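This report refers to the structure that appears directly beneath it.
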Amino acid sequence: MDSGSGGSMSERAVSEIRQRIIHGDLAPGTSFSEGDVAERLQMSKAPVREALAVLRRLGWVEVIPRSGYRVPPVTLRGMQDLFQLRLWLEPEAAALAARHSVRRLEQITALREFCDREEGGDGQGDPALWLTDHYRAHRRIAVLSGNAELERVLDDVLLKMQRYHALDLISPAPGSRGSHSGHRALVDAIASGDSAAARELAVLHVGEARDRAVAAVLDSEALQAVDLTSLSPPPGQREHTSQVRSA
């Protein structure tokens, strides 16, 4: 299976390792060596070494001196940091997407098809399928923003968020599994070109996702460090969410 150029193989290794981390095949706190991963992926060590260097820079793995690598633990603080970034980035992406929606009808159609699948319960029995579909839908919003740098940064945040969404699927909070509140309304706001509504609905959606993720992380055996201060929404999120609900 070790064929193709070094560049393409290392890119494939980045994707494979990242997906194994997201779906728990490489669980939080797991230690591993370059050789372990190369054997799992049936690759030579060279592309795996390159991939692990990339993933280390991006925060997906940690180096253990003279030993190998480790998957970072799932923590409330780590989740808080990601949700803060998402709160800053995704509402703006949604607002920009609304301005460009008329020129990108194929993306709007794909987003509406995602809402149809979600509301119809498609993928609920397959967490991996649901995670991929959910990620692609939110990435389409980033693409619709028309801002390449915003898309790039938000893409990394969305990928890392999948670790926490995966916990929500494994240990869902009561009433959270299959919840799709916010997606249809958000997509409709973007499709109609209503930037203000898209921004506000994105804020509300991120807040609801965060509440579910907190409950899932607290119930998960993957939780390895608790920072109770991260249970309080950041001031900006609390303010924006209250404004949306009172509107």
Side-chain angles (χ1 to χ4, degrees), residues 76 78-101 107-108 110-121 124 130-131 133-145 147 150-151 153-155 157-169 172-218 229-247:
L76 287 174
M79 185 181 68
Q80 173 79 341
D81 290 345
L82 287 172
F83 269 109
Q84 284 182 330
L85 276 174
R86 199 175 159 195
L87 180 67
W88 294 331
L89 298 173
E90 197 159 22
E92 187 60 29
L96 289 170
R99 298 178 195 173
H100 301 149
S101 60
Q107 298 284 6
I108 295 299
L111 284 169
R112 283 181 163 153
E113 288 172 350
F114 162 72
C115 291
D116 291 341
R117 289 192 299 275
E118 187 177 46
E119 292 168 6
Q124 286 189 31
W130 186 91
L131 282 172
D133 210 19
H134 183 270
Y135 158 73
R136 287 176 178 169
H138 281 270
R139 191 175 189 283
R140 288 184 191 279
I141 295 174
V143 171
L144 271 170
S145 74
N147 185 316
L150 176 58
E151 176 190 341
V153 176
L154 187 52
D155 182 53
V157 173
L158 292 170
L159 282 168
K160 289 177 179 175
M161 289 299 317
Q162 287 191 83
R163 296 181 76 196
Y164 298 94
H165 289 314
L167 293 178
D168 188 20
L169 292 174
S176 71
R177 187 182 291 274
S179 173
H180 46 72
S181 59
H183 280 128
R184 177 70 71 179
L186 176 57
V187 170
D188 286 346
I190 291 171
S192 67
D194 191 337
S195 292
R199 180 182 286 108
E200 291 181 348
L201 286 165
V203 169
L204 183 59
H205 181 74
V206 172
E208 291 175 344
R210 180 187 174 281
D211 290 345
R212 292 194 302 272
V214 166
V217 170
L218 288 175
T229 63
S230 65
L231 290 173
S232 301
Q237 179 173 324
R238 188 164 52 238
E239 177 182 341
H240 285 301
T241 302
S242 63
Q243 290 174 353
V244 172
R245 288 176 173 162
S246 63

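What you see is a predicted model; the values in this text were computed from it and never measured.
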Checklist outcome for this item: Rounded to the nearest 0.5 angstrom, the CD-CE distance for Gln84 and Met79 is 11.0 Å
Item to check | Validation row: Val203, Leu87 side chains within 4.5 angstrom (heavy atoms) | outcome: yes
Next on the checklist: Would you say that Met161 contacts Tyr135 through its side chain, given a criterion of any heavy-atom pair below 4.5 Å between the two side chains?
Outcome noted: no
Checklist entry - Are any of the side-chain nitrogens in Arg184 or Asp116 under 4.0 Å away from the carboxylate oxygens of its partner? => result yes
Checklist entry - From Tyr164 OH over to Gln80 CD, what is the distance, rounded to the nearest 0.5 angstrom? => result 10.5 Å
Item to check | Shortest non-hydrogen contact between Ile190 and Ser101, atoms and distance | outcome: O-OG, 2.9 Å
Checklist entry - So among Val157, Val153, Leu159, which one has a side chain to side chain contact (heavy atoms under 4.5 Å, CB included) with Asp155? => result Leu159
Checklist entry - Where do Ser195 and Arg99 come nearest, in terms of heavy atoms and distance? => result OG-CG, 3.3 Å
Next on the checklist: Please give me the minimum heavy-atom distance between Arg86 and Pro91, naming the atom from each residue.
Outcome noted: O-CD, 3.4 Å
Checklist outcome for this item: Ala202 and Leu186 have their tightest heavy-atom pair at N-CD1, 3.9 Å
Checklist entry - When you measure from the side chain of His183 to the backbone N and O of Cys115, does any donor-acceptor pair fall under 3.5 Å? => result no
Next on the checklist: Nearest 0.5 angstrom please: Leu96 CG to Ile141 CD1, how far?
Outcome noted: 12.0 Å
Checklist entry - When rounded to the nearest 0.5 angstrom, what is the spacing between CD in Glu90 and CG in Leu150? => result 9.5 Å
Checklist entry - Excluding sequence neighbours, so at least two apart, what forms side-chain hydrogen bond (donor to acceptor under 3.5 Å, both in side chains) with His134? => result His138
Checklist outcome for this item: When every non-hydrogen atom of Val143 is compared with those of Gln107, the smallest separation belongs to CG1-NE2, 3.8 Å
Checklist entry - Less than 4.5 Å apart, any side-chain heavy atom of Ile108 and any of Arg112? => result yes
Item to check | Value rounded to 0.5 Å, distance of CG in Leu82 from CZ in Arg210 | outcome: 12.0 Å
Next on the checklist: Quick check: closest heavy atoms across Ser192 and Ala189, and the distance to 0.1 Å?
Outcome noted: OG-O, 3.0 Å
